[in-house]
Each structure stands twice: as C-alpha cells, then as structure tokens.
Number of protein chains: 2
Amino acid sequence: MKKQTTKNAEKETRQRLMDAGLRLFGLHGVGATSTRALALEAGVNLSAIPYHFGGKEGLYRAVLEHTIGVKLAEVGPGLDRVLAACANPSAGRGELLAAMRTLVRTMVTVMLGSPESRSFSQIMMQEQIAPTGAFNIFHDGFFAKVHGVWTQLLGRLLGLPPESLELRLRALAVMGQMVIFRVGMSGILRVVGGEKLSDAHLECITRLCIQQVEAIVAGYEPACPELGAMSGLLEGAQ
Amino acid sequence: MKKQTTKNAEKETRQRLMDAGLRLFGLHGVGATSTRALALEAGVNLSAIPYHFGGKEGLYRAVLEHTIGVKLAEVGPGLDRVLAACANPSAGRGELLAAMRTLVRTMVTVMLGSPESRSFSQIMMQEQIAPTGAFNIFHDGFFAKVHGVWTQLLGRLLGLPPESLELRLRALAVMGQMVIFRVGMSGILRVVGGEKLSDAHLECITRLCIQQVEAIVAGYEPACPELGAMSGLLEGAQ
DNA sequence: AGGTTTAATTCAATCGAATGAATGAATCAA
DNA sequence: TTGATTCATTCATTCGATTGAATTAAACCT
C-alpha cells in the first residue's frame with residue numbers, strides 16, 4: 001500500500017502537477033493561481049514546483065507545450081487529410097466538401113468532446129485576452145494551423161487565392177461558428193439548459209455547422225470586391 | 001493649476017478608478033489585478049478603492065454594472081428595431097433581411113469598433129471562462145438578450161418555432177461568426193497583420209458576415225430533424 | 001462678505017495574511 | 001552508500017485593507 005502510494009507520487013509528481021496546472025490555470029489564469037493551490041490540487045509538496053519546473057511560470061509553459069502536443073495529435077491527422085484533399089488539383093467539389101465535413105466534425109469533437117479540452121480552451125482564451133510569452137506556442141502550434149487549413153479549403157471551394165484578405169477573414173468567420181460553442185459555453189448552458197452539452201447536442205451542432213458551411217459555399221458572392229487585391233493589408237503574407 | 005488638478009481628482013476619482021478597472025480587470029482578471037496597480041493606473045491613492053467601492057470586488061461589480069449599462073445603451077436601440085420587425089407579422093423577407101443586416105452591423109461595431117469595447121469583451125470572456133457572482137449580470141443583461149434577438153430573427157427567416165433547439169443553436173453559430181473576431185483578436189492580428197483592425201477590415205468583416213448569413217438563410221435545410229420536437233432538451237424554455 | 005465649523009475626501013504609514021521561492025533535513029530507490 | 005526526490009520550515013515580498021492625520025470644499029454663523 002505504502003509502496004504503491006509512494007511509487008505513484010514519485011513517478012507521477014510531474015504529471016499530477018501538470019494536470020492540476022491545466023485545470024487551475026485554465027480556470028483562473030497564471031497570475032491568479034497560487035503555487036499552494038496547485039500543490040494542494042495535485043496532492044504534492046509545494047517545493048515540487050520549483051524543483052521539477054523551475055517555478056510557476058515553468059510549470060505553465062510545460063502544461064502548454066504538453067497539452068498542445070496532445071491536442072495537435074488529436075487534430076493533426078484530420079488536418080492533414082484535409083490538406084491532402086486541397087493539394088490534390090483533381091479533387092472535385094464533392095471531395096472538398098467531404099473534407100470540410102470531417103474538418104467540422106473534428107473541430108467540434110476536439111473542442112467540445114473531451115472534458116480536458118475545456119481547460120485547454122480556457123487557457124487558449126486567456127492567452128488571446130492577454131498574450132504572455134507563451135502566446136506564440138498557441139498561435140503557431142494551433143490557431144494558425146487550423147486557420148490555414150480552413151483558408152486553403154475555402155479557397156478551393158470559393159475560388160479565391162490563398163492570399164486573399166476576404167478569404168482569410170471568411171475562414172475566421174466560419175471557424176467562429178464552432179468556436180463560439182466553446183467560448184460561450186457558460187452562457188450557452190444557460191440558454192440550452194443542463195450542466196454539459198449532451199451527445200445529442202454535439203451531433204446537432206456538428207450537422208448544423210456542416211449544413212451552414214455548405215450553404216455559405218453554395219451562396220457565396222464576393223463581399224469586399226474593392227479589397228480583392230488588397231492582400232497589401234496583409235503584412236506577413238506567406 | 002493646483003485647483004484644476006485637485007478638482008479633477010476629487011470629482012473624478014471614482015470614474016478614474018472605474019476606467020482603470022475596466023482596463024486592468026479585462027487584461028488580467030480580478031484575481032490577478034492588484035489594488036496598487038489599479039491605484040497607479042488611475043493616478044489615485046490606494047485607499048480610494050476601499051473608500052469609494054468597499055474594496056476590489058466592489059470596484060469590479062461597479063465596473064461591470066456601469067459598463068453593461070453603457071453597452072446596452074449602444075446596442076439596445078438596434079436590438080429593439082430588430083425585435084419590432086420580428087414582431088410585425090406582415091414583415092416580409094426583405095424587411096427581415098434588412099433587420100438582419102443592421103443587427104450584424106451593430107454587433108461588429110459595438111464589439112470591434114470602440115477601444116473600450118475591447119476591455120468589455122475581455123471581461124465578458126473572463127466571466128465565461130470562470131463565472132463569478134457577477135456572471136448573471138452579463139448573461140441576463142447582454143448575452144441572453146442578443147441571443148434572443150437572433151433567435152427570433154432567424155426563427156422568422158427559417159420558419160422555425162422560437163423554442164426549437166436547432167434554432168437556438170443556429171443562432172449561436174451565426175453569432176459566432178462575429179464574436180470570433182473579438183475573441184480571437186490577438187491571433188487574428190497576427191494572421192491579418194498590423195496592431196489593430198482598420199476600418200477597411202471592419203467594413204469587410206461586416207459585409208462578409210452579412211453575405212454569409214444571407215447564404216445561410218437562403219440555403220437552409222433542417223439539420224437535426226429528429227430533434228425537431230426536441231425542445232425537451234431545453235430546460236428553461238421560456 | 002469674512003471667518004469658522006463641519007463633513008467628505010485624500011494621503012502616508014502600517015497591519016496581518018498570503019505569495020513564490022529557497023533552504024536543509026529527511027526519505028526513498030538503486 | 002549515493003543520488004534523486006520529498007518534506008517542513010523559513011524568507012523577503014506583495015497583497016488588500018485599515019488607520020488616523022492632513023487636506024479640501026461646502027455649510028454655517030455673525
């Protein structure tokens with residue numbers, strides 16, 4: 001018994017701290033989370049934080065990098081599949097739309113499905129609100145990737161060049177349809193009722209987002225023609 | 001000179017503290033914002049916080065209530081106009097679509113236009129992440145109102161009953177197209193380039209959101225038919 | 001109007017509590 | 001025994017709030 005407990009604590013101290021960090025950092029942010037609260041939540045001695053991670057900030061960075069790795073492994077294959085479809089010049093509208101459907105499904109599942117994705121999204125939002133030094137990890141490792149895939153996919157479907165400003169903004173708006181269910185979760189649960197979204201809710205959200213994106217693609221008309229060649233507004237166009 | 005300074009400080013101490021609070025609470029949250037930072041930012045003595053607001057939390061509530069009042073005054077008229085159109089049984093598709101366009105324009109302007117709206121949205125996001133006792137103020141006073149208007153409007157345009165679960169979720173998804181530009185601002189600025197969205201960007205976002213909502217309305221097909229009568233999933237249907 | 005009192009507000013100094021980190025002893029597996 | 005890890009204790013700092021004196025504008029009185 002003692003050995004088990006000890007063994008667990010030893011090998012898993014880092015992991016327990018990172019779990020606690022993911023939860024508490026997501027809930028209250030780095031600044032408002034105390035090392036003592038972290039140690040208590042993890043069931044670990046306070047000094048384990050400076051010892052294993054060099055301090056609270058170090059734990060935060062470790063949590064970020066680890067969680068981003070996990071999430072990227074979840075979405076990565078889906079993203080690659082979509083990218084492959086986009087890169088294939090002979091891919092028809094049907095295949096591109098199929099790729100879109102899997103992309104929506106992947107996003108909804110990853111963002112809303114697992115419970116730890118809640119904390120992940122919370123930390124991501126905190127970084128969007130007040131970017132810390134770790135913002136780049138999120139942006140380059142996640143946000144930009146997903147946005148890039150949507151941009152390529154919609155570019156093919158709408159016939160817009162990948163550098164188009166309107167295309168990039170449209171990709172964001174389309175993503176927003178899914179993201180809002182994560183961002184506004186607290187409020188949404190009050191509107192919909194209940195303490196968490198049921199599987200039926202998730203399935204409905206998925207289908208309805210797919211259907212709306214299909215409608216957007218079908219009914220597309222240029223909205224900002226005068227900005228057509230306005231990729232000049234893009235600085236880091238790449 | 002001295003009198004002016006003095007006079008300003010006297011009459012405006014509360015206001016200055018609330019301005020500072022809006023900015024700092026939005027940036028770092030209540031827990032991570034120190035009274036000293038607030039006093040410094042406001043150019044005011046530290047004791048003014050307990051004196052005028054009873055403490056940091058009191059200042060937070062005051063900031064919330066005041067700012068919500070201001071924002072509601074900005075959107076209120078626009079919302080009412082849309083509600084009036086929805087309530088008018090003889091309103092045709094054209095009038096409803098016109099109402100939709102002003103609703104999109106209002107949301108984009110209020111959320112992305114003014115600089116203090118940034119802090120407001122940031123605080124709103126903080127409350128969505130970790131609702132405090134003040135969450136109700138936001139939800140009932142803002143979120144639920146805007147969502148209700150979108151629900152009514154889309155209900156008319158799509159021919160769905162106001163209690164429909166799919167309708168409510170669709171209203172959220174549609175709102176998400178605009179909300180994401182506020183929520184993901186930090187990341188968006190990296191994607192688009194620059195330090196803030198220009199007027200040209202805002203106009204493009206507005207038009208493109210309008211066009212996409214038009215497409216969604218035009219291309220609507222029920223996505224969750226089996227949930228058609230599933231307002232049973234709604235607890236507080238009202 | 002001029003001088004005095006009064007209540008409200010601001011201020012510097014200070015409080016106890018909580019913070020993040022460091023320390024060295026204690027514990028453990030190897 | 002050795003090196004790694006955990007632990008209780010301690011440190012300097014910062015936190016939110018309080019205190020009582022100082023300052024101010026306004027009300028009052030003659």
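Each chain gets a letter, A, B and so on, in the order its sequence line appears, and its residues count up from 1. Excluded from the calculations below are hydrogen atoms, water molecules and symmetry mates; all remaining heavy atoms, backbone and side chain alike, are included.
Nucleotide dC15(D) holds its P atom 16 Å from the CG atom of Leu59(B), rounded to whole Å. Rounded to an integer number of Å, the gap from CD of Glu57(A) to C1' of dA21(C) is 13 Å. Distance, Leu40(B) CG to dC15(D) C1': 15 Å, rounded to whole Å. The OH atom of Tyr60(A) sits 15 Å away from the P atom of dG20(C) (whole-angstrom rounding). Spacing between atom CG of Leu46(A) and atom P of dA21(C) amounts to 9 Å, rounded to whole angstrom units. Between Arg14(B) atom CZ and dA8(C) atom P there is a gap of 14 Å when expressed in whole angstrom units. Rounded to a whole Å, the CG atom of Leu17(B) is 13 Å from the P atom of dG16(D).
Annotation: ring-ring contact (aromatic ring centres under 6.0 Å, His included) contacts of His147(B) (sequence neighbours excluded): none. Taking the ring-ring contact (aromatic ring centres under 6.0 Å, His included) definition, one finds that Phe53(A) meets it with nothing, sequence neighbours left out. Qualifying ring-ring contact (aromatic ring centres under 6.0 Å, His included) partners for His28(A), counting only residues two or more places apart in sequence or in other chains: none.
Between Lys56(B) and Tyr51(A), the residue whose closest nucleotide on DNA chain D is further toward the 5' end is Tyr51(A).
In this structure, His52(B) does not reach the dA8(C) phosphate: none of its side-chain N or O atoms is under 4.0 Å from OP1 or OP2. Side-chain nitrogen and oxygen atoms of Asn45(B) include at least one within less than 4.0 Å of the OP1 or OP2 phosphate oxygen of dA12(C).
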Name every donor-acceptor pair, under 3.5 Å, that has one atom in a side chain of residues 171-186 of chain B and the other anywhere in the protein, sequence neighbours excluded.
residue   : atom : partner   : partner atom : Å
Gln177(B) : OE1  : Gln212(B) : NE2          : 2.7
Gln177(B) : NE2  : Val174(B) : O            : 3.4
Arg182(B) : NE   : Met111(B) : O            : 3.0
Arg182(B) : NE   : Ser121(B) : OG           : 3.4
Arg182(B) : NH2  : Met111(B) : O            : 3.0
Ser186(B) : OG   : Gln128(A) : O            : 2.6

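Within residues 28-39 of chain A, the residues having any heavy atom under 4.0 Å from DNA chain C are, by residue number, Thr33(A), Ser34(A), Thr35(A), Arg36(A).
Closest approach of Gly21(A) and Leu38(A) over heavy atoms only: CA-CD2, 3.6 Å.
Across all strands, Ile49(B) comes closer than 4.0 Å to no nucleic acid atom at all (heavy-atom distances).
Looking at Glu166(A), its side chain never comes within 3.5 Å of a backbone N or O of Cys204(B) through a donor-acceptor pair.
Side-chain to base pairing of Ser47(B) with dA17(D): no donor and acceptor N or O lie closer than 3.5 Å to each other.
Here ring-ring contact (aromatic ring centres under 6.0 Å, His included) pairs that include residues 108-136 of chain A, with residues two or more places apart or in two chains, are Phe120(A)-Phe138(A), Phe120(A)-Phe142(A), Phe135(A)-His139(A).
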